[in-house]
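Both backbone and side-chain heavy atoms feed into the values below; hydrogens, waters and symmetry mates do not. First the proteins, then the strands, lettered A, B, ... as listed; each starts at 1.
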Amino acid sequence: MTDNTTDAATPADEVNLGKHRAAEEAETIVHETSRERETLLKVTDLVKHFPVKEYSGLFPKTLQTHAVDGVSFDLAKGETLGLVGESGCGKTTTGRLVTRLLDPTSGSIEFEGRDIAQLKEKELRPMRRDMQLIFQDPYGSLNPRFTVLKIIGAPLEIHGLVPKNKIKARVQELLELVGLNPEHVNRYPNEFSGGQRQRIGIARALAVEPKLIVADEPVSALDVSIQAQVMNLMGKLRKELGISFVFIAHDLGIVRHFCDRIAVMYLGKIVEMGDREDIYEKPQHPYTQALLSAAPDLNVVRGAEPGERIRLVGDLPSPINPPSGCRFRTRCWKAQEICAAEEPLLTPAEGKPEHTIACHFPEVKSDLVVEVDAS
Amino acid sequence: MTAGPGGVNETLQEVSAVEQSTGSAGALGDPDQGKSGKSQEGRSPFQIAMARLRKDRIAIICAVVVGVFILMGILAPVLANLEGQSPTETHYDLVGNDTLPTFYTNSQHWLGVTSSNGYDVFARFVYGIRPSFLIAISAAVLSTVIGVIMGMIAGFFGGWVDQVVGWLVDFVLSLPVLLMAIAMVPVLSQLLVGNAPSQSQTQMIRILVLMIVLVGFGWAGPCRLVRGEVLSMRQREFVQAARSLGAPTSRVLFKEILPNLTSIILVSITTALPAYIGIEAGLSYLGVGLTLPTADWGLDISLAQVQMQNFALPLLVPLIGLLVVVLCLSLLGDAISDAFNPNTRR
């Protein structure tokens, strides 16, 4: 595979994208025919509250920010779950909880059948090998004082994966795998571009041969042309190495391209979860519909009639004091009394047990297309 | 170093500028060309800062001046021998009944002698830089080390540890330095050696007092700086990445965070140095620091002030020496902090 390392989009990339999608679709079909999936990660009722002090009057009151409030999902081996939602909805917190950079308030995280939610840092250390994070900011995620050799070599050293004299060879191998020049091992992060840095971050995550990678908006800080390269790289690695991904993003186009299943989050809760086709073609939760309709539609540029656009009014409510009942009701056009009184639970759609919606009035809306199909 | 986007860009530009000027083909963002380039070695932020420093003319001049003074201190015995005088030898025969020297300068005493005791001014000048520098350097290093460790602990662990360290810093900063120094001399002397200390014992106590004052009050500044930096760095993604790789806390603290504090540590030491030299001379002038017959600029200034109207040279020599050294060290410290923080460059 001759991967392009220069930071310019080439027509070949687009072709790759198209081919890739075909391959993925084939994979998805395999998934669907054999639903006997081997679960890698099972998250149940995950809750994270951050304490915040509010100074009103003489004594500070400690309040809780409900960053993540009862999130459940599972992930099969080799599968990719997309977590989407607007800023502040708890997707990043969920990612950090799954990789245990944060301690969950309650709930369980079963990784290969073992609950790691309340493990101590020491017990957790050997487990860290199996799950890795790819970060959003390629400028902040690499230690500026280290050479590439030290950055990518650190996990090898920490876990003693390779004898000391072989570290350099292994790092060069990893650099090649992510499409960077292996001779650049002695360079510092400041000498690379954003896309190259993100590749270094990916190489570091791959160094421990993880089973799960949580990618926290890995391309949102990059140029669009480089986004495609990095996404292709991750797609290639996923296929070759069979790694499961939790892919956190707000770019709906990329999520559609990359993920098998998608969970839509709103204010710390999953409001709708299902296979890619269900979410994009038959969204049922009003928030999912609003989100999809907000994405720019390239067909309009090509002369098609602009589709219906759902405009949400108001701001995201404060997670310190979330609305009663359905959290989306304050901005929902369908809200009725029951929405304030009773919290809707994730319930399977008719005839589709895999597609769950947390809404009292679910309704299929299928004319909201995101991203033009390349074919 | 919390370089914003602007700083990063500037650094990148300078890297490429340096690479172009050295004729290397390993240009930025062009890995394929790098294969043919002669150098695959990268330049660390430290090396980049040093290169920037080397281009700073004021920094070079100041470094040279400071170097000359340090050399003078090292070669003090040789220089004093040239003149044929010792810094601690008294010449009562050259001092009149009014305690003023009987002459200005002559071939034996190039810069004259001091009042009262008739010490040779030149010999005391070349020797006088020694105690100032030794005390200031050791106090600066010690206070920075303590400050950095306390700051790292406070910033990294946070919570009650941070609060306790914060109270300590506030407490230290609220104490009156001068009062403490003056009061400490008799107290410590009484505690350690009793009522009649010998000359060497007094000297030891004075050095101890100077160190306690300088270090005891000096660690609070770097501690605050480092605490803030570590606090923000703890949230940086590379620290999170190290944690998610399973790095133990000690590794995160000393291998990931500490190298990023280089600039703060360097700047803290280089700004503390001139300040401490000044404080040391000041306390010695006030009679709290070193005692005669030790050659020390602060002591010399206090000795020479009585003859100022009569003959100012014995006063001006240590005074100008002090001024030049402190000024050059301060400018050098500023240049170093600018080299490491291009955002703050004027």
Side-chain angles (χ1 to χ4, degrees), chain A residues 5-7 96 99-102 121-122 124-129 131-151 154-159 175 179-196 201 204-205 207-208 210 214 216, chain B residues 1-5 7-16 18-19 24 26-37 39-49 232-249 251-252 255-263:
Chain A
T5 54
T6 50
D7 290 347
R96 305 242 155 150
T99 48
R100 280 302 313 276
L101 280 179
L102 292 171
E121 187 63 37
K122 264 211 180 109
L124 210 55
R125 219 159 268 155
M127 308 279 296
R128 295 251 187 233
R129 248 196 82 174
M131 42 186 155
Q132 280 300 305
L133 260 167
I134 294 175
F135 292 91
Q136 175 176 10
D137 176 12
Y139 291 89
S141 60
L142 307 177
N143 194 329
R145 304 267 158 189
F146 284 1
T147 58
V148 173
L149 177 63
K150 261 176 113 180
I151 290 171
L156 301 172
E157 202 184 309
I158 290 167
H159 292 283
L175 280 177
L180 288 172
N181 185 344
E183 312 225 329
H184 286 174
V185 283
N186 287 325
R187 294 205 164 187
Y188 287 85
N190 61 32
E191 296 166 286
F192 292 94
S193 67
Q196 288 173 323
R204 170 176 59 190
V208 291
V214 175
D216 186 1
Chain B
M1 266 207 334
T2 47
V8 171
N9 282 340
E10 205 167 333
T11 314
L12 283 175
Q13 278 163 15
E14 288 189 22
V15 170
S16 61
V18 169
E19 272 179 339
S24 155
L28 268 174
D30 201 346
D32 293 329
Q33 266 193 11
K35 269 180 187 158
S36 56
S39 148
Q40 289 296 336
E41 292 296 309
R43 283 152 50 85
S44 72
F46 184 78
Q47 289 165 318
I48 292 168
S232 76
M233 212 180 290
R234 195 174 58 161
Q235 298 304 322
R236 293 271 298 277
E237 289 188 336
F238 69 84
V239 174
Q240 303 270 318
R243 283 189 54 212
S244 83
L245 288 172
T249 310
R251 191 189 159 97
V252 174
K255 284 208 161 163
E256 299 279 342
I257 291 180
L258 191 60
N260 283 286
L261 300 174
T262 331
S263 57

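Only the backbone of A:Met131 comes within less than 4.5 Å of a heavy atom of chain B; no side-chain atom from C-beta onward does. Proximity to chain B involves both the backbone and the side chain of A:Gln136, based on heavy atoms less than 4.5 angstrom apart. Contact annotation for A:Arg96: only side-chain heavy atoms (C-beta onward) come within less than 4.5 Å of a heavy atom of chain B.
Across A:Asp137, A:Ile134, A:Leu124, A:Thr99, the residue that shares the most heavy-atom pairs under 4.5 angstrom with chain B is A:Asp137. With chain B as partner, the option from A:Val148, A:Leu142, A:Leu133 having the largest number of non-hydrogen pairs under 4.5 angstrom is A:Leu142.
Put simply, CZ on A:Phe192 and NE2 on A:His184 are 6.0 Å apart, with the number rounded to the nearest 0.5 Å.
For B:Ala247, the side-chain contact (heavy atoms from CB on, under 4.5 Å) partners two or more places apart in sequence, or in a different chain, are A:Ile158, B:Ala242, B:Arg251, B:Val252. The salt bridge (Lys or Arg N to Asp or Glu O under 4.0 Å) test applied to A:Arg100 returns A:Asp103, not counting sequence neighbours.
Side-chain polar atoms of B:Glu256 and A:Asn143 form a donor-acceptor pair below 3.5 angstrom.
Salt bridge annotation for B:Glu237-B:Arg243: absent, with no cationic side-chain nitrogen under 4.0 angstrom from a carboxylate oxygen.
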